[in-house]
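Here's the structure, in structure tokens; my notes come after.
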Amino acid sequence: MSKLKIGLLISKSGPTGIWAPSSISSAILAATEANNRGGVFGTEVELVVKDGGWEADTVVHAANRMVDDGVSVVVGMLASNSRRQVSNALSGRAPFIYTPNFEMDLPEPTVPVGTTDDLLLRPFLEWIEERFHARRFVLVGSDYRWPRKSMPMAASMIAGMGNSVEDVLLRPMNAYENWDFLAVERIGKSKPDVVLSFLVGDQGIPFFRMFEKAGLSARIPRCCIATEESALLSLTQNESEAVFACANYFATAQTKANRCFMERYWTAFDEFAPMPNAYGQSCYEGINCAVGIATAAKMLELPSLTMVPLSQVLYRSARHDEHMTSIGQKQPVFIAQAKGNMFEVEARF
């Protein structure tokens, strides 16, 4: 094998397209660093980036095509509307590494580097209750698989804490023009203590803008699971007022590994590069995890790569205190507040 081809499968279109620039840059950095270390047993890593679009059938087709073209490991920074389909399609063909946080679900042949939402939500809800003395919640999310699975789990946790969910709103993926206006009007009438947001990618941007326009930004905090730094770049400071987020990574996280990562990232791509965020950094991890699988296999050909015990895989990360991590290692949970176009970490669990 002249090169080890690692595929990065992303969606440049649809609501998660906002994460693509950071994802590509972070993946390039991971592949470059692997090659600077000598590749995998002297074999050069070649990064292959492919856009799968948003619809599940096009994503699955793109994943299969990558393997047909010689990709040995597929790293997916995709929404959950296609994760299971891709995982099952590639089962036995090539390892499929999934990088974002995702909903709890039935077992599937996915190699996750992201965490499940239950591990984010519980500390987040406890922090929200203490920080805002919150008792009454409204849940809002994008109308697809991930929010439809994770929002009921959040509602159950809220009820278990003795609090209430006053309303649940699902934003259509192709929302009509005044959906955000009507949703914000409805929230204003409910007068919740907190809005818990599962709006994915760029779907939160028009909602947050309308929230500010209605004069609610200073009155009702919005606490988010899938809002990160790239979304803040599209909001004014007033529109991002009282926006809080929970994730396993923020660019401002003061871990030793992240300080080194940020220095290498800006050195490689200069000040005009896409802002690192949880989803971009997860692709840095994903490519490194692919390198870790190949290293543990000691053979670069399929099907050897699909048979590696995941407990033997070590890979580089930026979100932990140390540079190296393993699949299944407990991930830090950060809670941050929007300050301009950045999230400043307020708590860590």
Side-chain angles (χ1 to χ4, degrees), residues 6-34 47-54 59 74-80 83 97-102 113-115 146 199-205 208 224-235 240 243 245-253 255 257-290 315-320 331-332 334 336 338-345:
I6 299 175
L8 176 66
L9 181 58
I10 59 176
S11 298
K12 291 184 179 180
S13 56
T16 57
I18 194 172
W19 301 334
S22 175
S23 298
I24 294 170
S25 295
S26 298
I28 290 172
L29 180 62
T32 300
E33 290 180 350
L47 179 65
V48 178
V49 180
K50 195 168 186 64
D51 175 19
W54 171 256
V59 179
V74 176
V75 176
M77 209 298 295
L78 309 162
S80 287
R83 184 194 71 250
I97 300 170
Y98 188 70
T99 70
N101 58 289
F102 60 105
V113 298
T115 192
W146 169 63
L199 293 167
V200 67
D202 65 8
Q203 289 233 315
I205 295 170
F208 295 152
C224 314
I225 295 294
T227 299
E228 39 58 62
E229 289 85 345
S230 58
L232 294 184
L233 293 172
S234 298
L235 299 173
S240 64
V243 169
C246 181
N248 297 123
Y249 174 85
F250 288 102
T252 56
T255 65
N258 187 47
R259 288 193 294 268
C260 295
F261 169 77
M262 293 293 286
E263 181 178 354
R264 298 193 308 272
Y265 184 90
W266 294 122
T267 299
F269 301 112
D270 76 36
E271 60 184 305
F272 300 107
M275 176 62 67
N277 55 62
Y279 299 100
Q281 191 283 145
S282 76
C283 294
Y284 176 81
E285 284 191 331
I287 300 303
N288 278 312
C289 183
Y315 59 94
R316 292 176 179 268
S317 167
R319 60 178 131 209
H320 295 274
Q331 297 185 10
F334 298 100
K339 297 287 187 180
N341 61 1
M342 294 292 293
F343 275 107
E344 291 188 5
V345 174

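Taking 4.5 Å as the limit, every side-chain heavy atom of Leu235 sits out of range of all side-chain heavy atoms of Val243. At least one side-chain heavy atom of Phe269 sits under 4.5 Å from a side-chain heavy atom of Leu29. Side chains of Leu199 and Thr227 form no contact here, defined as non-hydrogen atoms less than 4.5 Å apart. Within the 4.5 Å cutoff, side-chain heavy atoms of Leu8 are placed close to those of Cys283. Inter-residue side-chain proximity for Trp19 and Ser230 is flagged as met; some heavy-atom pair is nearer than 4.5 Å. Annotation: side chain of Tyr279 is not in contact with side chain of Ser22 (no heavy-atom distance under 4.5 Å). Between Trp146 and Asn101 the shortest side-chain heavy-atom distance falls below 4.5 Å. Taking 4.5 Å as the limit, every side-chain heavy atom of Arg83 sits out of range of all side-chain heavy atoms of Leu78.
With rounding to the nearest 0.5 angstrom, the CD1 atom of Ile205 is 11.5 Å from the OG atom of Ser240. Note that CD1 of Ile24 is 9.5 Å distant from CE of Met77, once rounded to the nearest 0.5 Å. Atoms CD and CD1, from Glu285 and Ile97 in turn, are 10.5 Å apart once rounded to the nearest 0.5 Å. Atom-to-atom distance recorded for Trp54:CH2 and Ser13:OG is 9.0 Å, nearest 0.5 angstrom.
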So Ser282 and Arg319, side-chain contact (heavy atoms from CB on, under 4.5 Å) or not? Walk me through it.
-> CA-CA 9 Å; Ser282 76; Arg319 60 178 131 209; 4.3 Å; yes
Applying side-chain contact (heavy atoms from CB on, under 4.5 Å), run through Asn341 and Met275 and close with a yes or a no.
-> CA-CA 10 Å; Asn341 61 1; Met275 176 62 67; 5.7 Å; no
Tell me, with the steps shown, if Phe261 and Ser26 meet side-chain contact (heavy atoms from CB on, under 4.5 Å).
-> CA-CA 10 Å; Phe261 169 77; Ser26 298; 4.3 Å; yes
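Nearest heavy-atom pair, Pro276 versus Met262, reported as atom, atom and distance to 0.1 Å: CG-SD, 3.8 Å. Closest non-hydrogen pair, Ile287 versus Ala27, comes out as CG1-CB, 3.7 Å. Val75 approaches Gly286 most closely through the heavy-atom pair CG2-O, 3.5 Å. Across Ile10 and Ser23, no two heavy atoms sit closer than the pair CG2-CB, 4.4 Å. Nearest heavy atoms, Pro274 versus Trp266: O-CH2, 4.2 Å. The nearest pair of heavy atoms linking Ala30 to Asn288 is CB-ND2, 3.8 Å.
Between the Asp51 side chain and the Lys12 main chain, a donor and an acceptor come within less than 3.5 Å of each other. Put simply, the side chain of Asn258 gets close to the backbone of Ala251: a donor and an acceptor are under 3.5 Å apart. Side-chain atoms of Gln281 come within 3.5 Å of backbone N or O of Ala318 as a donor-acceptor pair. For Gln331 (side chain) and Val113 (main-chain N/O), a donor-acceptor pair under 3.5 Å exists by modelled atom type. Side-chain atoms of Thr255 come within 3.5 Å of backbone atoms of His320 as a donor-acceptor pair (strictly under, hydrogens ignored).
The aromatic rings of Tyr98 and Phe102 sit perpendicular to each other, their planes meeting at more than 60°, with 30° as the lower class boundary. Ring orientation note: the planes of Phe250 and Phe343 are tilted relative to one another, at an angle of 30° to 60°.
Between the side chains of Tyr284 and Glu33, at least one donor N or O lies within less than 3.5 Å of an accepting N or O.
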